[in-house]
Structure formats: C-alpha cells, structure tokens
Amino acid sequence: MEKSYAPERIEARWRQRWEAGGAFAPHGDGTPFCIMIPPPNVTGTLHMGHAFQDALMDILTRWRRMQGRAALWQPGTDHAGIATQMVVERKLEREGRSRQELGRDAFVAEVWNWKRESGGRITDQLRRLGASVDWSRERFTMDDELSEAVREVFVQLYEQGLIYRGTRLVNWDPVLRTALSDLEVLASEEQGHLWHLRYPMAGSDAVLTVATTRPETMLGDTAVAVHPDDARYQAWIGKSVLLPLAEREIPIIADDYVDPEFGSGCVKITPAHDFNDYRMGLRHDLPLINIFTDTAHLNDAVPAAYRGLSREQARERVLADLDAQGLLEKTENHALTIPRGDRSGAIVEPYLTDQWYVRTEPLAREAVQAVRDGRIRFVPDNWSKTYYEWMQNIEDWCISRQLWWGHRIPAWYDADGNIYVGRDEQEVRAKHALDANLPLHQDEDVLDTWFSSALWPFSTLGWPRKSAELERFYPTDILVTGFDIIFFWVARMIMMGLRFAKDVPFRRVYVHGLVRDAHGQKMSKSKGNTIDPIDVIDGIGRDALVQKRVADLMDPGKAKAIGRITREEFPEGFPASGTDALRFCFAAQATFGRDVRFELPRVLGYRNFCNKLWNATRFALLHAERLDADAPDANPGLADRWIRHRLHTTAQDVAEHLEECRFDLAAQTLYDFVWHDFCDWYLELAKATLAQNGPEAQAQSTLQTLFETLEDALGLLHPFMPFITEELCQKLPQRQKDSDAMLVNAAWPQPEAVADAEDAVATIGWLQDFVGGIRRIRAEMDIAPGRPVPVLLDGWTAQDQARFGETEGWIMGLAKPESVRWLADGEPAPESATALVGNMRVLIPLSGLIDRDAELERLDRELKKLEGTRASVQGKLSNENFVSKAPADVVEQERKRLAELEAAHAQLARQREKIKQMEHA
RNA sequence: GGGUGCUUAGCUCAGUUGGGAGAGCGUCGCCCUUACAAGGCGGAUGUCGGGGGUUCAAGUCCCUCAGCACCCACCA
C-alpha cells in the first residue's frame with residue numbers, strides 16, 4: 001500500500017466498477033427513495049454550485065441506499081431555451097453565419113448538433129463527482145417522451161381554461177426579440193435623469209410641466225395625468241394639451257395613482273410602453289400608440305424625422321428638439337431602477353404583443369395549501385415564508401417565447417386566425433372536424449424552458465403513462481436546490497405536480513446557500529473569480545488557471561487585473577485534492593441559512609483527513625496477518641469497549657443529523673470520531689496492547705475491534721467520501737473473502753450498543769487526563785517526549801489505584817514515565833511540577849528537570865483560571881434566588897462543581913506553597 | 001416600500017429545547033516516536049455587533065439601534 005493517499009489513482013477505477021456493477025439503479029424491495037436532479041443546462045459546464053448540490057444529493061442517496069431503500073437518483077439535462085440558443089447563435093456569428101440566414105429548421109438542427117457534441121460534458125463531470133445517479137434512466141427535457149408530457153399538460157391546461165392567449169404589455173427583450181416572464185427581468189439600480197418637459201395647453205399660452213425619465217416615449221403619449229385633489233391643476237382637468245413634436249392633442253385626466261409630491265405632480269401617460277400607464281389607459285379608455293419595432297427602434301407611428309432611430313438616439317433627438325423649442329424646463333439627476341433581461345442584459349421594453357399565459361391563481365392556491373398543511377416541508381423552514389409571499393402575489397405566467405429552440409406551442413391557426421389547440425395537427429383536425437384541405441399553420445413560438453422543467457418530477461418517470469416508476473417513486477422524497485430558483489422552478493413543480501400527477505412532487509425541499517469565493521464574492525466569469533470543481537479535484541497550475549480565467553472574457557480589458565489577482569491568490573495554483581476531499585468539504589459547509597465561502601485551505605484540510613484515514617488503514621493492515629478469524633470471542637478490553645461505544649454513538653448521531661439534513665454536523669461528527677477518538681487515542685492504545693506480550697486473547701479482541709471499527713467507520717463515511725472508503729474497505733482482511741462485495745452496496749453500519757460503556761468511558765477519560773497531565777508538564781517544562789521522568793502520585797483513592805491497574809500498560813506506553821510511585825498518606829513529596837487527575841495529584845519532581853519559576857508561573861496561571869470559575873459558581877450559589885428557583889438538579893450540579901473546583905484549587909495551592917517554601921529553604 | 005438572513009477567536013464557521021464559550025485553518029513552542037511531517041504532543045487568543053428588557057440564569061427569548069447581504073415591489 002502506498003505511503004500517501006493519491007486520489008487520482010483510485011477514483012476512475014471505482015467509478016467504472018460501480019457503474020458496470022449496476023450499483024446505482026434502484027434495487028431490492030425496500031421503501032423507495034427518490035431524488036430528482038435539478039437538470040443542468042445540457043450544454044453547460046459544471047460549476048461550484050452544481051458540485052455542492054450534487055455532493056449533498058449523493059450523500060443522501062448513498063446513505064438511503066445503504067439503509068436498504070430502493071434508491072433512485074434521477075439524472076438528466078435541460079434544453080435551456082434562451083441560454084442554449086444564445087450560445088449557438090454566438091457560435092454561428094463567429095463563423096460568419098446567422099440564425100435568420102439558416103432558417104428555423106436548419107438552425108434547430110444546428111442546435112441538436114451542438115447538443116450532441118457538447119451535451120456529454122456536464123454528465124461526464126457529474127460522473128467525476130462520484131454522483132450515484134441511475135445513468136440508465138438519463139432524460140433530456142426535449143426527449144420524445146418528455147415533449148409528449150409537455151404537449152399533454154399544455155392541452156389539458158388549455159381545456160381547463162388555465163391557458164389563454166392574450167394581447168397585453170409584456171416584458172420584451174429587444175436584443176433577443178422575445179417576450180420574457182416577470183421572473184426573467186431583473187431590476188438594476190442605475191443613475192439617470194428626470195427631465196421636466198413643457199406641454200403647451202391647447203388653445204392657450206399656458207404650459208403644463210411633466211416630469212419623466214423616458215422622454216423618448218412622449219411620442220406615444222395619449223394623455224397627461226394629475227391627482228384629482230391637486231389644487232394646482234383643478235382647472236385643467238378635462239382640458240387638453242398639444243403634444244409637442246407629435247403635434248397631437250391629448251387630454252388631461254385625473255387619477256389617484258399620481259403622486260402630487262413627485263416631480264411636477266403631473267405625469268405623461270404612454271399606455272403602450274409603461275405598465276402603470278397601461279393600467280391607467282385601461283381605466284380611462286385611452287388609445288394605445290405603439291411607437292417601437294421589436295428591436296426597440298422607432299416605427300412609423302412617429303413623425304418621419306424620428307423613424308428608424310434607436311431608443312437611445314430617439315431620446316437625444318427628442319430632448320434636443322424640445323430644448324430648441326424652449327420646452328425643456330430642466331434636467332435633474334435621478335436614481336431609478338431599470339429592468340434588464342437576465343440573459344441578454346438588455347433594457348427590457350414594455351411591449352404590446354400576443355402571448356400565451358398560464359392563469360396561475362387557481363394553481364397557486366393549491367400549491368400554497370400543500371405547504372401550509374405540511375405535505376411539503378421547506379428545510380430550513382423559513383423559506384416557506386418567502387414561498388407564501390410570492391405565491392400570494394403571483395401574476396399570470398407568460399409562457400410563450402419568440403425563439404426557435406424549445407417545445408413548439410401545440411396550437412394551430414387557420415387563415416382567419418382561429419386557434420386550435422391539440423396534441424398534434426391530426427388531432428386538431430379530427431377534433432374540430434376541419435377539412436383536410438384547410439391550411440393550418442402551427443404557432444411559431446416555443447414554450448418557456450421552465451414549463452418543461454416544471455414537469456420534471458413526473459415527466460421523467462413516464463407520465464402521462466401510468467408507469468411502474470411513477471407509481472413507485474412519485475412523490476419523490478426530497479428536492480435539493482438553491483433559493484434562486486424557488487420561484488422559477490420549485491413553485492411551478494408544485495403547481496404542476498399537484499394538478500397532473502395528483503400529488504406533491506416532493507415531500508421536502510432542502511434549500512442550500514450560494515457558493516461564493518473566499519472573499520464572499522459571487523463567482524462570475526466577468527469577475528474572473530470562478531473555480532472549476534474539476535480543477536480542485538485534479539489540481540491545476542497557476543498559469544493554466546490564469547489562462548482559463550481570462551479566456552473568452554466579455555471585457556478583455558479585465559484580463560490583466562484578473563491575471564494579477566489570480567497569481568497573487570494562488571501562487572502555486574491548486575494542488576490536487578481529490579473528489580472525496582471536495583465532497584466532504586461541501587458537506588462540512590452545508591449549514592442552514594448561510595451562503596458558503598469556498599476556501600482552498602479547507603479542502604486541503606479534508607484531503608489531509610483522507611490521508612489520515614488512509615494511513616490509519618495502513619496501520620491496521622500491518623497487523624492483519626495476526627488477526628485470527630477463528631479466535632474465540634474474547635471479552636473486549638477497556639479500550640475496545642470505549643471505542644465501540646464511541647462508534648455506536650457516532651453512528652447514531654450521524655444518522656440523526658442526516659435525517660435533518662445537517663450535513664455539516666454529520667461531517668463534523670465523523671471527522672472528530674475518526675481523527676480524535678480513533679486515530680489519536682484508540683490506535684495508540686491498540687499499538688500498546690499489540691506490542692505487549694499479554695494474553696493472545698486480548699490481542700485478538702483488540703484486532704477484532706480495530707478492524708470492525710475501521711470497517712464501520714468507512715461505511716459511515718462512504719456517503720460522504722465514496723472513493724477512498726471503497727478503496728480502503730476492499731483491503732480489509734474481513735473483506736478479502738468476497739471480492740465482489742463493494743461498499744457501495746453494503747448495509748449502513750449499525751454498531752451495537754456497549755453494555756458497560758459508562759465504566760469504560762470514565763476510565764479512558766481518567767487515562768486521558770493522566771497522560772495529558774504528564775504531556776503538558778513535559779511540553780511546558782521543555783522535557784523531551786522521549787525522556788523518561790519519574791512520576792509520584794499523591795492524594796489518590798482506591799478508585800485511582802484500580803484504574804491505574806487497568807491502564808498501566810497504556811500509560812507507560814503513552815506518557816513514558818520512568819517509574820510511578822504511590823505516595824503514602826502524609827509522605828512528604830519533593831518539589832515537583834503538578835497535574836491533577838480528579839483530585840489526585842500527578843507529580844514530576846523538579847530535580848534537574850524542571851524550572852522552579854516556570855512551574856510557579858504555570859501554577860499561578862492554573863490557579864487564576866480556577867479562581868475565576870470558582871467565583872462565578874460561588875456567586876450563583878450564594879444567590880438565594882438561584883438556590884430557591886432553579887431546578888434542583890441544576891443546583892446540585894453547581895454544588896458538585898464548586899466542590900470539585902475547591903478541591904482542585906486546594907491541591908494546586910498546596911503544591912504552590914510547597915514549592916515556594918522550598919525555594920526559600 | 002415590504003420581506004428574509006447574517007454579525008461568536010487573526011480568518012471561515014458550529015453552538016439543537018435558556019444552565020460550565022467550541023471546531024477547522026492560521027499562529028507559537030517542542031518532536032522526523034517504527035500508520036500518517038498532508039504528521040505527533042502541547043500552549044495562547046473572545047466586552048458572543050451596541051443598548052435595553054424578561055429570568056435565579058441570556059451567545060441562546062423579547063424590544064431597539066447600527067452595519068452587511070439577499071429577495072420581492074408599477075412611483076413618472
């Protein structure tokens with residue numbers, strides 16, 4: 001066995017063997033357990049967020065599988081409409097081609113090609129993480145079966161009156177030239193201006209001043225509004241102004257919406273290009289004048305001079321022209337929120353179009369109820385508040401997109417514009433008894449990507465067929481996802497699941513935080529602070545890392561700064577940490593309600609943990625030959641009982657934490673057990689036992705405990721660190737017999753409770769104090785660990801003697817005293833350094849070894865600490881209220897504690913006095 | 001304007017129903033002790049953001065202020 005752990009040597013082998021062995025398909029007839037992977041973009045690459053999320057899902061899946069559940073982790077990818085279309089369009093652009101040039105069919109074929117080429121990348125990366133998804137069930141949102149589910153849901157919703165086509169203002173992305181849902185629009189706080197424009201009164205010399213942040217839209221104004229109670233404008237209501245430049249007369253109306261305090265108290269109304277104005281237009285029956293093309297250039301509805309200008313050009317031109325006419329009163333700086341498309345970054349334009357909508361209110365009502373009555377639980381629970389908040393204010397969902405990549409809307413039109421919705425053209429013709437010669441054309445638009453994602457929990461399982469998988473695995477057990485898509489995805493899955501699969505899609509939703517960089521910054525390509533999880537696993541050189549970060553930057557000017565910062569932060573690049581260390585790191589960081597900062601040193605810490613585990617196994621294997629499988633069961637020794645008890649409680653705690661999705665606590669518990677209990681103490685104790693010439697039965701008991709504990713620890717760690725645990729487990733002597741048995745298929749360890757654990761815990765604790773005391777004196781007095789020192793014991797009890805009798809061999813091995821002598825009652829001790837074990841004093845005589853002043857200083861420090869604690873306990877106990885009101889057991893505990901503190905203090909004080917006197921003598 | 005979360009050691013974070021402030025990393029000292037120097041042993045380090053309240057007792061519950069972050073929202 002290699003002296004050090006080298007992850008790259010073991011991971012590929014096990015990935016291959018697990019998959020070949022069909023380990024990831026659900027098997028057995030245990031209670032089903034199912035997790036749906038949030039399908040990543042098919043052409044995307046794995047980022048830290050995925051790795052984090054996938055690590056957690058895999059921990060749950062592997063754990064449940066080991067518990068005997070028929071576990072299915074359903075994999076697959078999403079077609080990601082806009083994102084994928086943009087990527088392919090950009091690729092075409094580089095090749096000097098364009099989507100429009102190709103035409104729809106050729107373009108879609110091009111995207112499929114792209115998907116075939118690059119679609120395997122993210123699934124390969126998922127494999128690298130050790131994700132135990134059932135690859136045989138991999139799905140894609142545009143698979144035939146899933147597309148069928150999409151059409152089925154669309155048709156049924158339409159028939160239920162929950163899908164309709166409507167003409168309204170939508171969020172229009174003029175760069176992508178498609179409608180967007182509300183969720184795809186992000187508000188960004190930006191610095192702008194507030195322009196005060198003068199609108200002359202019709203048939204009068206007076207002017208009305210309106211304030212606006214978008215002067216270019218004035219060409220589409222169809223009214224000016226004031227507050228009905230605003231004294232300044234009472235006389236004007238009902239009259240009209242002459243709209244400058246456009247030379248149209250528009251009315252002055254009164255509406256509560258207007259805030260008299262803001263600007264001039266007078267608002268221009270552009271119903272076709274502003275959501276508020278649109279609503280006001282409806283209230284006052286105002287005409288709508290659309291002045292934009294779908295690329296946000298001015299159209300023919302404006303005077304010839306402005307036609308064809310972009311929004312930006314139009315603004316300048318309008319302002320200049322107004323100014324020239326003396327109609328620009330003033331310009332103020334003004335901060336405002338600007339809506340931008342989440343993909344393109346373009347300023348979104350409210351734009352009047354025909355789109356398809358889902359009526360969400362009835363669906364949302366059912367979806368809220370499912371969370372209210374606990375059929376779905378958010379973990380942590382506070383996310384349910386966010387969910388309610390949104391669901392109660394939900395707007396209808398615009399589901400049509402003017403894209404080519406996606407599920408085409410199953411609606412057909414005849415020449416008269418009649419709409420026919422159906423599963424396919426044939427069905428539509430049959431259903432509406434349409435003549436075979438009547439020309440029909442299908443809606444050009446595709447559905448919002450999230451429409452098919454919303455069906456994922458049941459479409460992947462075979463719906464609308466009543467498949468066995470659907471029957472077995474739906475509702476799924478838990479969804480693991482980020483808070484950023486609660487609205488996009490989680491809420492919509494709940495709505496669709498309840499309506500079509502007739503039950504909740506999952507029973508719990510575990511919401512994790514965002515993975516940020518070490519400084520708490522969001523990772524992004526443009527900031528140049530992204531970290532590829534695969535690079536953490538395999539390691540990457542500094543220069544390669546820099547190169548990766550500066551490649552394909554939107555703003556190449558940033559390359560230099562990014563390079564500098566990267567070199568500074570990672571002068572050595574990343575060392576290879578291995579998948580297990582990365583996974584364990586994620587688990588350890590997965591606490592509730594907090595984003596996680598990814599710090600390389602922490603991963604390295606867990607790589608060291610892997611190495612520790614590796615070497616602990618190596619140690620055990622050195623003794624494998626001595627293990628006699630046929631040895632009769634001996635009475636387990638003290639240390640054996642102690643470690644078995646610790647193993648038992650560890651296993652229980654880990655399972656409890658996992659039930660509650662406290663991955664951090666589970667990981668911490670395992671880390672502590674393996675490193676501190678098993679390696680630091682038990683292996684050292686076992687070493688001593690095995691080295692001594694004691695009875696062979698005792699050695700065999702130790703060996704049995706050693707190997708069994710190690711095997712169980714590997715089992716408990718397996719969901720977190722699948723590769724190294726599988727590798728090490730195979731090497732254990734008890735595993736050698738059955739070479740086909742893999743840990744991935746093993747049962748979750750359930751170590752037995754130890755009957756007389758209390759005694760073992762107390763005695764080992766006593767031993768730890770004893771050994772620790774001597775070590776501390778050595779360390780502080782600069783006595784080399786190997787140098788033998790005589791030890792005297794004073795103030796001991798029969799119990800101390802009994803315990804020493806049980807642990808003498810270990811103490812001699814671990815603390816290396818030259819000799820141990822029990823002082824008789826009243827026997828004078830030489831001046832010594834002191835440690836306390838309970839009330840017994842462990843003394844190491846000063847002669848020649850110990851610095852008297854240093855020991856006095858040390859004692860003073862100890863005494864001061866004791867005095868501080870003592871004072872606080874005394875304070876409590878001398879408080880009558882505490883004694884009378886606190887529970888009796890708490891009071892009793894404090895009394896006991898005070899007695900202990902006082903005894904300890906007395907012992908040390910006595911010791912100090914002694915040294916002091918001897919000094920004077 | 002509504003809503004949520006965070007503030008604990010130099011750094012990153014645990015601290016479950018109120019009852020002796022913890023871990024990892026870093027740091028300091030000693031040690032290449034035959035599983036592991038990616039290691040061992042030991043040490044130091046905290047007005048638990050500020051203020052107020054409830055309580056015998058508050059990092060933990062309540063109020064308030066401050067700072068940071070995020071989400072939602074139609075003020076031109």
Side-chain angles (χ1 to χ4, degrees), chain A residues 1 3-5 182 187 194-195 210-214 225 257-259 261-270 274-280 334 336-337 350 380 382-383 385-386 389-390 393 483-484 486-487 513-514 518 520 575 577 588-589 591-599 601-602 604-623 656-657 660 662 664-665 668 671-672 679-680 683-684 687 691 771-772 775-780 782-786 814 816 861 869 872-873 876 879-887 889-891 893-894 897 901:
Chain A
M1 204 174 158
K3 190 174 172 185
S4 281
Y5 158 67
D182 298 340
L194 190 61
W195 287 279
V210 299
T212 181
T213 54
R214 297 207 56 195
Y257 164 75
V258 180
D259 176 2
E261 304 294 314
F262 190 89
S264 61
C266 193
V267 195
K268 63 188 268 314
I269 302 300
T270 321
D274 182 283
F275 288 101
N276 289 311
D277 294 4
Y278 180 76
R279 277 185 277 271
M280 203 185 294
H334 181 67
L336 70 166
T337 50
N382 57 291
W383 287 106
K385 279 185 206 157
T386 308
E389 192 71 24
W390 187 68
N393 301 310
F483 60 88
D484 49 331
I486 288 183
F487 304 145
L514 198 70
S577 295
Q589 301 227 83
T591 162
F592 282 176
R594 208 191 255 271
D595 288 347
V596 308
R597 293 191 189 201
F598 181 80
E599 289 171 300
R602 189 152 184 185
L604 292 174
Y606 294 119
R607 182 202 56 173
N608 295 352
F609 179 59
C610 290
N611 192 47
K612 190 79 178 169
L613 198 58
W614 181 270
N615 279 293
T617 306
R618 218 158 64 88
F619 168 79
L621 293 178
L622 293 175
H623 299 89
E656 248 170 61
H657 293 318
E660 290 162 13
R662 284 304 301 260
D664 59 330
L665 297 181
Q668 187 62 40
Y671 184 97
D672 279 345
C679 292
D680 285 352
L683 291 189
E684 296 305 322
K687 225 181 255 182
V771 171
R775 281 175 175 169
R776 212 171 313 123
I777 292 171
R778 277 184 191 279
E780 289 179 25
D782 280 345
I783 303 169
L814 295 180
K816 299 207 168 47
R861 225 164 44 223
T869 324
S872 93
V873 177
K876 260 191 205 179
N879 181 342
E880 254 179 63
N881 280 324
F882 173 73
V883 179
S884 60
K885 292 187 181 170
D889 59 320
V890 173
V891 177
Q893 188 191 320
E894 291 296 317
R897 196 173 146 217
L901 284 166

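First the proteins, then the strands, lettered A, B, ... as listed; each starts at 1. Predicted, not measured: the structure shown is a model, and the values here were computed from it.
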G42(B) and G19(B): how far apart are their C1' atoms, nearest whole angstrom?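 After rounding to an integer number of Å, I get 31 Å for this pair.
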
For nucleotides C31(B) and U45(B), find the distance between their C1' atoms and express it as a whole number of Å.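 After rounding to an integer number of Å, I get 24 Å for this pair.
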
Quick check: on RNA chain B, is the nucleotide nearest Gly605(A) upstream (toward 5') of the one nearest Arg861(A), or the reverse? Name the residue that is more 5'.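 On the 5' side of the pair lies Gly605(A).
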
Return whichever of Lys885(A) or Tyr257(A) has its heavy-atom-nearest nucleotide of RNA chain B closer to the 5' end.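 Between the two, 5'-proximity favours Lys885(A).
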
Between [X] ([atom1]) and [N] ([atom2]), how many Å, whole number?
X	N	atom1	atom2	value
Lys612(A)	G39(B)	NZ	P	7 Å
Arg214(A)	A76(B)	CZ	C1'	12 Å
Gln589(A)	C13(B)	CD	C1'	8 Å
Lys816(A)	G42(B)	NZ	P	13 Å
Trp390(A)	C70(B)	CH2	P	21 Å

Given the rule that a pair is Watson-Crick or G-U wobble with both distances under 3.5 Å, how would you write RNA chain B in dot-bracket, using | for pairs to a different strand? (((((((..((((.....[..)))).(((((.......))))).....(((((..]....))))))))))))....

Looking at every strand, decide which applies to [X] at a 4.0 Å heavy-atom threshold: base, sugar-phosphate, or nothing.
X	answer
Glu660(A)	nothing
Pro575(A)	nothing
Asp672(A)	nothing
Lys687(A)	base
Tyr5(A)	base

Between Trp390(A) and Phe487(A), how do the two ring planes meet: parallel, tilted or perpendicular, split at 30° and 60°?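 The rings of Trp390(A) and Phe487(A) lie parallel, inter-plane angle below 30°.
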
Does the plane of the ring in Phe483(A) sit parallel, tilted or perpendicular to the ring in Trp383(A)? Use 30° and 60° as the thresholds.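 Judged by the thresholds at 30° and 60°, the geometry between Phe483(A) and Trp383(A) is parallel.
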
Quick check with a 6.0 Å cut-off and a 45 degree axis cone: is Arg662(A) positioned over the face of Phe592(A)'s six-membered ring?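 Ring-cation test returns yes.
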
Within the modelled atom types, does a donor on one side and an acceptor on the other bring the side chain of Arg897(A) and the base of G20(B) under 3.5 Å apart?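 A donor-acceptor contact between them is present.
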
Measure from the side chain of Leu665(A), starting at C-beta and using heavy atoms only, and say which of A38(B), A14(B), C36(B) lies closest.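 My answer, after comparing the listed nucleotides, is A14(B).
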
With the side chain counted from C-beta on, respond yes when Arg618(A) and Lys3(A) share a heavy-atom pair under 4.5 Å apart, and no when they do not.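 In contact.
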
